[in-house]
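Notes follow the structure.
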Amino acid sequence: MAERVNRFAKKQEAVSLRDLTSREMPSQNTSEIVADLSLDLLDFDENNEFLFGYHDLERIKNTIDESKLTAPPIVYKKDDGRYLIASGHTRVKALKELGKKKVTCQIMALPGNEDQIKKNLIYLNTQRREAPLYIARNISEYEKILRREGFKGSMDQELAKQFGYKKTMLYRYKKILSLPKKLQELCAYDEIAWYGLIDNYTSIPEEKYDVFVNEVLSILDEDGHVSNKQVEDLISGYIVKESTPNYQKYISDS
């Protein structure tokens, strides 16, 4: 996957679990407060799972008790006394599943509209290396927000500037979202090469999507990664089968 400069992610310093769950101190930014909060008062942004998923959950759960959790979650204070998570959904989910009761959070004022909340969600959570499907969704959602805001400039240039990708890479990521849903899910794995998939997926018979997905996941389980060549070799097998006189018999017998 192409490397890029993350223009959104805030620099985070490693803190121990003891610091994370018991620290209370003033922030250098006077518009923010850092304080202990009950995990029961924290609400998950419903857009987070779609845009980022929780693929790091088990890893974070395993590192929490090793005192390797990263900086405190960022939350917005709501009028009802509860807090909406802006960044740190996976960390909060991990702490809850481990039975923790409190977490130190960076508290900020709630933005005035839903689009700004979603924009901030993208700003604060976009990682330097993210699974392709989530990068594609982030780019798509950000573009939708800009269009709703009446953005008048070059959309490709603006997206390239904000996400750090060239126009050709933006196009490739957007193409992921044109894949059939079953095939899109393969792009949720950072370990699966996806160029060959978006370029050649139309050669896979629709009735064979499940078989293809299982074949790719089997390689992933065995090797820990799936290369573009492996993806293309699997797809080329379908091309050969479809071009043979007995292909219909092959379909009916499978």
Side-chain angles (χ1 to χ4, degrees), residues 4-12 27 29-35 37 39 41-57 70-93 103 105-167 169-179 181 184-185 187-188:
R4 67 189 173 97
V5 175
N6 179 5
R7 302 176 187 275
F8 298 151
K10 300 184 72 172
K11 183 178 180 181
Q12 297 183 335
S27 169
N29 187 334
T30 57
S31 66
E32 303 167 357
I33 300 172
V34 177
L37 294 176
L39 287 167
L41 292 176
L42 305 187
D43 296 328
F44 291 86
D45 189 318
E46 62 183 12
N47 295 300
N48 184 77
E49 185 168 7
F50 175 77
L51 289 173
F52 299 99
Y54 289 106
H55 52 283
D56 273 349
L57 179 61
T70 53
I74 299 172
V75 301
Y76 302 122
K77 186 173 184 178
K78 302 196 294 183
D79 292 339
D80 61 2
R82 297 184 62 81
Y83 299 84
L84 177 67
I85 303 171
S87 176
H89 292 77
T90 306
R91 282 167 278 166
V92 171
K93 190 175 183 68
V103 62
C105 295
Q106 185 174 343
I107 306 169
M108 302 178 67
L110 185 69
N113 62 75
E114 291 297 322
D115 275 347
Q116 188 58 55
I117 292 174
K118 186 178 285 188
K119 245 186 182 180
N120 289 354
L121 183 68
I122 295 172
Y123 289 162
L124 295 171
N125 293 279
T126 301
Q127 301 299 311
R128 186 174 181 84
R129 186 179 176 106
E130 188 61 77
L133 176 61
Y134 298 115
I135 294 174
R137 288 175 176 175
N138 274 260
I139 292 169
S140 175
E141 289 301 312
Y142 191 80
E143 180 175 351
K144 290 175 184 177
I145 292 172
L146 290 180
R147 294 194 184 283
R148 286 195 294 269
E149 292 177 345
F151 179 77
K152 301 298 184 183
S154 167
M155 184 62 72
D156 285 343
Q157 287 182 6
E158 183 65 16
L159 293 174
K161 180 180 73 174
Q162 297 297 343
F163 287 90
Y165 290 119
K166 294 182 179 180
K167 291 169 64 174
M169 279 304 299
L170 289 172
Y171 171 77
R172 280 188 171 275
Y173 278 119
K174 287 181 181 182
K175 198 171 178 181
I176 289 174
L177 302 182
S178 68
L179 291 171
K181 294 294 184 183
Q184 279 188 34
E185 292 306 314
C187 297

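None of the values given here were measured: they were computed from a predicted structure.
Closest non-hydrogen pair, S140 versus L177, comes out as CB-CD1, 3.6 Å. Nearest heavy-atom pair across A86 and L121 is O-CD1, 3.5 Å. For the pair P72 and C105, the tightest heavy-atom approach, listed with the atom from each and the gap, is CB-CA, 4.2 Å. For the residue pair P73 and G88, the shortest heavy atom distance occurs at CB-CA, 4.3 Å. Nearest heavy atoms, F44 versus H89: CE2-O, 3.4 Å. Closest heavy-atom contact between L170 and D156: CD1-O, 3.6 Å.
Rounded to the nearest 0.5 angstrom, K167 NZ and S154 OG are separated by 6.0 Å. Interatomic distance, I139 CD1 to I176 CD1, rounded to the nearest 0.5 Å: 8.5 Å. Note that the CZ atom of R82 and the CG atom of D43 stand 4.0 Å from one another [nearest 0.5 Å]. I107 contributes atom CD1, which lies 4.5 Å from atom OH of Y83 (distance to the nearest 0.5 angstrom). Summarising the geometry, atom CD belonging to Q106 is positioned 9.0 Å from atom OG belonging to S87; distances are rounded to the nearest 0.5 Å. We find the CG-CE distance between L146 and M155 to be 5.0 Å, quoted to the nearest 0.5 Å.
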Could you walk me through whether N47 and F52 pass side chain to side chain contact (heavy atoms under 4.5 Å, CB included), step by step? CA-CA 9 Å; N47 295 300; F52 299 99; over 6 Å; no
Checking D115 against K144 for the salt bridge (Lys or Arg N to Asp or Glu O under 4.0 Å) test, could you report, in this order, the C-alpha distance in whole Å, the side-chain angles of both residues, the deciding distance, and whether it holds? CA-CA 10 Å; D115 275 347; K144 290 175 184 177; over 6 Å; no
Could you walk me through whether D79 and L110 pass side chain to side chain contact (heavy atoms under 4.5 Å, CB included), step by step? CA-CA 9 Å; D79 292 339; L110 185 69; 5.9 Å; no
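A heavy-atom distance below 4.5 Å is not found between the side chains of Y76 and I85. Residues I135 and Y165 meet the side-chain proximity criterion, which asks for heavy atoms closer than 4.5 Å. Side-chain contact between Q116 and I145: absent, with no pair of heavy atoms (C-beta onward) separated by less than 4.5 Å. The shortest distance between side-chain heavy atoms of L51 and N125 does not fall below 4.5 Å. Looking at heavy atoms from C-beta onward, V75 lies out of side-chain contact with V92 at the 4.5 angstrom threshold. Residues Y173 and P132 form a side-chain contact, since some pair of their non-hydrogen atoms from C-beta on lies under 4.5 Å apart. Residues I74 and N120 form no side-chain contact, since every pair of their non-hydrogen atoms from C-beta on lies 4.5 Å or further apart. Contact check for K174 versus L159: side-chain heavy atoms found under the 4.5 Å cut-off.
Here the options are E141, Q162, E149, the test is side chain to side chain donor-acceptor pair (under 3.5 Å), and the partner is K119; only E149 passes.
Checked by atom type and distance alone, the side chain of R137 pairs as donor or acceptor with a backbone atom of F50 at under 3.5 Å.
A salt bridge links E143 with R147: at least one charged nitrogen is closer than 4.0 Å to a carboxylate oxygen. A salt bridge is defined here as a Lys NZ or Arg NE, NH1 or NH2 lying under 4.0 Å from an Asp or Glu carboxylate O, and D45 with K118 fails to meet this definition.
In this pair, Y134 and H55 present their aromatic rings parallel. The plane angle is below 30°, not in the 30 to 60° band.
Summarising the local packing, CZ of F151 is surrounded by more than 12 heavy atoms from other residues, nucleotides or ligands at distances under 6.0 Å.
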